[in-house]
Amino acid sequence: MSNWKSILPDVFMFEDSCNVYAINGPEGCAIIDSGTGLWLEHLHQLPQRPRALLCTHFFRDHSAGAAEAARRGIPVFVPEGERMFFEEPQEHFRRRETYLIYDNLWDLHAPVEGISASGALRDYDIVSLCGIEFEVMPLPGASVGQIGLACRIGPGREKVVFCGETIHSAGKVPRVAPYQYNYLDLNGGYSAYFSLNEILRGDFSAVLPSLGYPIADRVESAVRDTKKNLGNMLATHPLEPESFYWESVSDRLSNIENPRPLIRVSDSVWLDQDSSCRTWFIRSKSGKVLSIDYGYHFVALGRVDYSAPQNRRALLHHRNAMRTRFGIDAIDAVLVSHYHDDHVAAIPLLRRLYGTKCIASEAFADLLEYPSAHRFPCNWPRTCKVDRRVALDEVFEWEEFKFHFAPMSGHTRFSALIGFEADGLKFAHTGDQYGFAEESFSMPPDRSLISKYVYRNGAHLDGLHQSAEWLLNFRPDVVLSGHCSPQFTSDAFFQEIQSCAHDYRRLHESLMPLSGEDSHFGLDSMAGWIWPYRTHLKHPGTAHLTARVRNPLNRRAILELRLMDANGWKGEPAAVTAEARQEVECGMDIEINGKCRRRTIAVDLSADGIAFGQVAEAMITVGGTHF
């Protein structure tokens, strides 16, 4: 039985970590995309030897096999705009900012092994390979530089397009997470919409995606349904903010000269106006102050495009206002809502100056204490020591106040809802889970509230339902958030919370293959990660790592893991059993046989023998004084 399936005249498909296609041309076979390279062991099943490999985009699950193909003498052709990712991936990883990630392009999904490409595929060119004429179509979306390859096949000279990730099946795209080019936008969705339009204009008899199913019937209907679902998603998503601050120059200068006073929410709860995030102070009867979050002074943050640690600085922002209002400047404790830099950057400064205690949920305490061990977005690279770890659903007491921590995902899975009572009112702090109409980005029509989900932070399909249910049960009088004024609740507020949760789930389920029968890695398409992300060894030897991966199948499966590297480093393969959709951890060791500087390795995943490719990467330095 052949591993290559005949799907159209002269077109064969191999199910690797992506669909690998072979086109039987007059002068040999042309291969579209390379997956993990498993197909290279089955070339004898093709009618002719491959004479060219053409790649639609650089993501590892599509490109990792290109290096082995090149070693076997198959010329590799890559999109012009992505040549660097194919040829110099290690240089790309060394230069890429991995702490303060506010640009969420999937460029960390590049292959770990480089190749010397035989040629670049330029937009709109006609390229003749294997006796086949390919039209290079620009199809941005999952990546900015993604291309499609249009050609004619078979005796009937039918016009088809190999379209990368532009479509998965009728009405669906493979994954939405790569469309979030920046932090809160969905700009890649507009690119994908453009690409779907280009495919419609091409009047193709078949559309052949890299993830999903070949579409040879009702092609126009399938593409139009996908455009409709994608348009519905874009209609409810905010446009990217031009700026986080809309002050005039005179207002900004005045606020620097005369720090703004605290704003009273209730007798015990106050808002600091000089912080880049909303910092909330809670004052006890004894006169002590607890802060919820403590990030940058508003003048030190600048804009989110200053996304490098050396371009941001943590400064105090409470002292003058607190001295004026309370006659003190010491903060006794900081309660952390989530780990992002604009909420935690200055906590180490408070600890050093005042001995301030840091209290954080177990859901993200490790990310605060070991920032070098992960690459989740908006990560302040300086260690923040956690004095008290609070379990989710645990009640924490400080002075006369009781704080209830609850699980929350959406904006980030590494966060906690915080509920408490003060002055006869119920308060809920929702971190950055929701945005309100006063914020500077555009709001969807007829909406005063939106969910601020960021896929790369770990967005779950039930995340907004989880927080909405908790808020409905707790029924706070006041909602405090990370970037908005206090929101006094009403029946309409709780209805909109529920509506947002409903729309969030409905839109994603209509646009992505997330049903029980689909193989997928969840809403955020995050297959896993390696801990620690950054390893520094003084001398060559063994690096001890932990891979955390998801089972993408709807059944119990054996997950097989292998560490991959371009230097010939060796790691023993590992296997672990996981329930359907379960996340599991597996310890892995790799032998490093020489000095290196920020060398990238990856973990390759298969589930019950089904290849999913290099799903996560990490970086290793051997020698020198620092990572």
Close side-chain approach of [X] to [Y], heavy-atom, < 4.5 Å:
X: I101; Y: R456; result: yes
X: D432; Y: H338; result: yes
X: V603; Y: M564; result: no
X: R556; Y: T577; result: yes
X: T535; Y: T621; result: no

Work out which heavy atom in L559 is nearest to a heavy atom in A607; give both atom names and the distance.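 Minimum heavy-atom separation between L559 and A607: CD2-CB, 3.6 Å.
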Shortest non-hydrogen contact from L230 to Y193?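 Minimum heavy-atom separation between L230 and Y193: CD2-N, 3.6 Å.
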Looking at [Y] and [X], is there a salt bridge between them, counting it only when a charged N and a carboxylate O are closer than 4.0 Å?
X: R175; Y: D61; result: yes
X: E113; Y: R71; result: yes
X: E88; Y: R83; result: no
X: R72; Y: E41; result: yes
X: R413; Y: E583; result: yes
X: R550; Y: D524; result: yes
X: D225; Y: R218; result: no
X: E617; Y: R60; result: yes

Could you go through F85 and H109, starting from their C-alpha distance and side-chain angles, then the distance that decides it, and tell me whether this counts as ring-ring contact (aromatic ring centres under 6.0 Å, His included)? CA-CA 9 Å; F85 296 120; H109 288 258; over 10 Å; no
Measuring from atom [atom1] of [X] to atom [atom2] of [Y], what distance do you get when rounded to the nearest 0.5 angstrom?
X: N457; Y: F376; atom1: CG; atom2: CZ; value: 8.5 Å
X: I32; Y: I23; atom1: CD1; atom2: CD1; value: 4.0 Å
X: F86; Y: I115; atom1: CZ; atom2: CD1; value: 6.5 Å
X: L461; Y: H520; atom1: CG; atom2: NE2; value: 8.0 Å
X: Y102; Y: D341; atom1: OH; atom2: CG; value: 3.5 Å
X: K172; Y: S510; atom1: NZ; atom2: OG; value: 6.5 Å

For E579 and N551, does a side-chain donor sit closer than 3.5 Å to a side-chain acceptor?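 No.
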What I want to check is whether the side chains of T56 and Q146 have a donor and an acceptor closer together than 3.5 Å.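 No - no donor-acceptor pair under 3.5 Å links their side chains.
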May I ask you to check whether Y453 and H460 place their ring centers less than 6.0 Å from one another?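 Y453 vs H460: aromatic centres not under 6.0 Å.
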Between F364 and F414, does the ring centroid distance fall short of 6.0 Å?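 Ring centroids of F364 and F414 are no less than 6.0 Å from each other.
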E572 atom CD, neighbour heavy-atom count above 12 within 6.0 Å: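 No, CD of E572 has 12 or fewer neighbouring heavy atoms, counting only those of other groups under 6.0 Å.
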Worked check of side-chain contact (heavy atoms from CB on, under 4.5 Å) between F59 and Q614: CA-CA 9 Å; F59 289 179; Q614 298 173 10; over 6 Å; no
Report the C-alpha separation of V161 and L208 in whole Å, then their side-chain angles, then the decisive distance to 0.1 Å, and conclude whether the side-chain contact (heavy atoms from CB on, under 4.5 Å) test is met. CA-CA 6 Å; V161 61; L208 304 171; over 6 Å; no
